[in-house]
Structure formats: structure tokens, C-alpha cells
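Reviewing the structure listed below.
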There are 2 protein chains.
Amino acid sequence: MDRFLSNAVNRIDSKGRVSVPAHFRSVVQKRGFTELYALRALDIPAMDVGGLDLLDRYEERIAQEDPFLQTADDMSFFVHGDGTFLKLDQDGRITVTDFLREHTGITTDVAFVGRGLFFQIWEPERLKAHGQEVRARLLKLRQAAGSGVTAGQSAGSGVTAGQSE
Amino acid sequence: MDRFLSNAVNRIDSKGRVSVPAHFRSVVQKRGFTELYALRALDIPAMDVGGLDLLDRYEERIAQEDPFLQTADDMSFFVHGDGTFLKLDQDGRITVTDFLREHTGITTDVAFVGRGLFFQIWEPERLKAHGQEVRARLLKLRQAAGSGVTAGQSAGSGVTAGQSE
DNA sequence: TATTCGCCCATGGTACCCCATAGATCAAAT
DNA sequence: ATTTGATCTATGGGGTACCATGGGCGAATA
């Protein structure tokens, strides 16, 4: 399997390090990532983490915009300014910096959530709350639109698969 | 990686010096910048810092304007008249001049923000405020983008709509 | 002369390397 | 099925190199 799947909660040690789940590490290796790129998610207190391809994809998107309009500038500000590299140490751990803590609210434990081509980092309690919100939204969506909706909507999303515990 | 990424806040010492983040310095070297140019960003209290290519970028923008309009002349004046060199000392520090302070509002601390091919210098509090504005605009953009976005929105991740796959 | 600027070194903190260990997981064997 | 043993994984800690920061000093400048 070369997709990020399932989720796990690990503890931050006294030096501020936390193990990336072994399964995720093997995916990272299989996909040939040498560095991890982490980005603050827009409207949720989580970091999106992936390989350089994640960054490439964003930069391609930015390139489509008129480089002198505000939108392109905003996007670059977001992708470059609110992004960072996470270095895996030799034991497969990352250092949880203030930058990560600030956006996520992480203090002592880190939740890792597989999302297919990338994964996310959460503060465990907030993840739980968010999971319930997502579930409620999906339920409402299905009830509103009838039976065929689930398949049609989840086509480009991966939410239904990745979020379930 | 040879792009300016992530952000950091460093303190100005009693001599008016501040360290450029080590990661940025390595990018400067990798990209072969022999000198750093600092230009006033157009509509924000920040300095754009980069190599010669930074000037090219600005001039390209000016070229887009009608040369008979005042805008082009204003821009040229602004860019060429208000640029400086930033000299890195042996320990990778730059001196924060009054010129920098004036445009940015910097007093005791400097925020460095990666922007891909260049980086920016901000007063930390103003940066934070600007970041919130940018995020709000991007969020609005995504919500306005239409139906395909719904899934991407719960996926919570990026500027682009189709997040996974 | 007074001030600034560039170069040098010192230091505390942090990030990274290496190794150790307890618990979990899995396999084979009884 | 239970037990036993080998491997894998998360976690802890020691040591080291790097980095941000502070300060000294001499040369250039005003």
C-alpha cells in the first residue's frame, strides 16, 4: 500500500519529538519523499503533510493565476509563507515546533490522520470534534439529496474513506 | 530545496543586526545570489528580498502598464528609487537600517517569510494581521468556487479544489 | 575624535545523531 | 490454542554540531 491510511496518536517526548507512525514512514519511503512538506490547512486547525509533489501541485496552481494579481500573491503567501519542511530524524521522528503548535493547538500528543496522498497532523481532541462535524455534514448532505449522492460526491474527496475510525 | 519556504522571527541586537535564518542563507547560496536586493513591496508594509531576478520580476510588471500612464512611472520610481542592497555579514546577519524600519514598522524583531523565489521581511505583528486577511480571502475564494469545492472544503486542505487524486 | 561597519570569538539553546529498552506484533513450535 | 522467541515500534536519554545572539576590536568613514 502506498497511500496514507488510518490514524494514530503518538506522544511528544521531553525534547519535543514525536514518532511518525511506521506505516506512514513506509509510505513516505515508497513514494520516494526525501523531505516532508507541511502546510497549515485553511479553515481547520490541522497541518497537511506530504512530499514535495504537494508543493509542486500548489505551485502549478499558482502559476495559472495572473502573477500580478492579488490572488496569486495570496496563494504564494499561503503556500510558501505558511508552509515548512518537516525533517524525519533517523528514528522516524519529527520535532514539533511552535509553528506547528500554534496552528493546531498541539501540546502533549499528536494525532496522525491518513488522507490518501498526504496526511494530517491534529491535536487529538480537536480531531475528534472535527470528525463529528464532518460526519454530521455528510449525513445531512445525503439526506438532502437522496440515495445516489454518496458515490457522486466522494469521487474527488477521500473524506469518507480516510476519516472513518 | 532551493526555494524560500516557511517563516521565522529573529531578534535585532543592540547593534541593529539580525540573523537571516540559516535555511534562507543556504537558499541564497544555492541560487547563486551574490547580492541581496530589498525592494518595498507595493501595497503592504513589507520588503521583498531576493537576487537580481527579483528586479526582473518588478520590471516585467512595470512593462505591463501603459508607459504613458502615470502608474508605470510611479511604479518605476517606487521600485528603482526605493531599493537597497542588503549585505550579509560573515555570520549571516544583516543590518536593519532606518529605511527598512520606516516602510515595515520594524522595531525590535524581524519576521522572515519565504515566498518561493524571494522572501519578505515584516514586523511580526503586522505579518500576523496580514496573514489573517490572506486566509480570509482564500477561504472566500474557495467557497465561491462552486460545487466541486464542497468535497475539497471538508478535505480542508488547500487552494486547489481537488485535493486527493 | 566619534561613530559606524565588518570581522572575530564566546555561549546558550536547539536540532540531530546514535544507542538503549519496554511493549507490541507476528511466527513458528509444541 | 497456547506458548515461546524473534522482530518491529514507540519512547527515552546522552552526546555533538549547528545556529541565533551578544560582545570585543580594529579599520574605514565622517
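Labels below follow one simple rule: chain letters A, B, ... track the order of the sequence lines, proteins then strands, and each chain is numbered from 1. Bear in mind the structure is a predicted one, so any value in this text is a computation, not a measurement.
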(request) For D/dC18, take OP1 and OP2 only and decide whether either is under 4.0 Å from a side-chain N or O of B/Arg25. (result) no
Check the distance between [N]'s [atom2] and [X]'s [atom1] and give it to me in whole angstrom.
X        : N      : atom1 : atom2 : value
A/Phe99  : C/dA15 : CZ    : P     : 14 Å
A/Ile94  : C/dC17 : CD1   : P     : 14 Å
A/Asp98  : C/dG13 : CG    : P     : 15 Å
B/Gln90  : D/dA20 : CD    : C1'   : 16 Å
A/Leu88  : D/dA10 : CG    : P     : 12 Å
A/Lys87  : C/dC16 : NZ    : C1'   : 8 Å
A/Asp109 : D/dT11 : CG    : C1'   : 12 Å
B/His23  : C/dC16 : NE2   : C1'   : 16 Å

(request) Could you tell me which non-hydrogen atom of A/Asp48 sits nearest to which non-hydrogen atom of A/Gln120, and how far apart they are? (result) OD1-NE2, 2.9 Å
(request) Answer with base, sugar-phosphate or nothing: what part of the nucleic acid does B/Asp89 contact at a heavy-atom distance below 4.0 Å? (result) nothing
(request) Flag yes if more than 12 heavy atoms outside A/Gln29 fall under 6.0 Å of its CD atom; otherwise flag no. (result) no
(message) With a sphere of 6.0 Å drawn around CZ of A/Arg11, does it hold more than 12 non-hydrogen atoms of other residues, nucleotides or ligands?
(response) no
What's the separation between atom [atom1] in [X] and atom [atom2] in [Y], rounded to the nearest 0.5 Å?
X        : Y        : atom1 : atom2 : value
B/Met47  : B/Phe112 : CE    : CZ    : 12.0 Å
A/Thr108 : A/Ile12  : OG1   : CD1   : 6.5 Å
B/Leu5   : A/Leu55  : CG    : CG    : 6.0 Å

(request) Taking only the side-chain heavy atoms of A/Thr95 (C-beta and beyond), determine which of C/dA15, D/dA20, C/dC8 contains the nearest atom. (result) C/dA15
(message) Can you classify the ring geometry of A/Phe77 versus B/Trp122 as parallel (below 30°), tilted (30 to 60°) or perpendicular (above 60°)?
(response) perpendicular
(message) For DNA chain D, which residues of residues 26-38 of chain A approach it to below 4.0 angstrom with any heavy atom?
(response) none
(request) Can you check each nucleotide of nucleotides 22-30 of chain D against protein heavy atoms at under 4.0 Å and return B for base, S for sugar-phosphate only, - for none, in 5' to 3' order? (result) BBBB-----
(request) Would you kindly confirm whether A/Phe118 and A/Phe85 end up in one hydrophobic cluster when ILVMFWY residues are joined by side chain heavy atoms under 4.5 Å apart? (result) yes
Would you tabulate the side-chain donor-acceptor contacts of residues 132-141 of chain B under 3.5 Å, counting partners in other chains and residues two or more places apart, or write 'none'?
unit_1, atom_1, unit_2, atom_2, d
B/Arg135, NH1, A/Asp82, OD2, 2.9
B/Arg135, NH2, A/Ala41, O, 2.6
B/Arg135, NH2, A/Leu42, O, 3.1
B/Arg137, NE, A/Gln70, OE1, 3.4
B/Arg137, NE, A/Asp74, OD2, 2.5
B/Arg137, NH2, A/Asp74, OD1, 3.0
B/Arg137, NH2, A/Asp74, OD2, 3.4

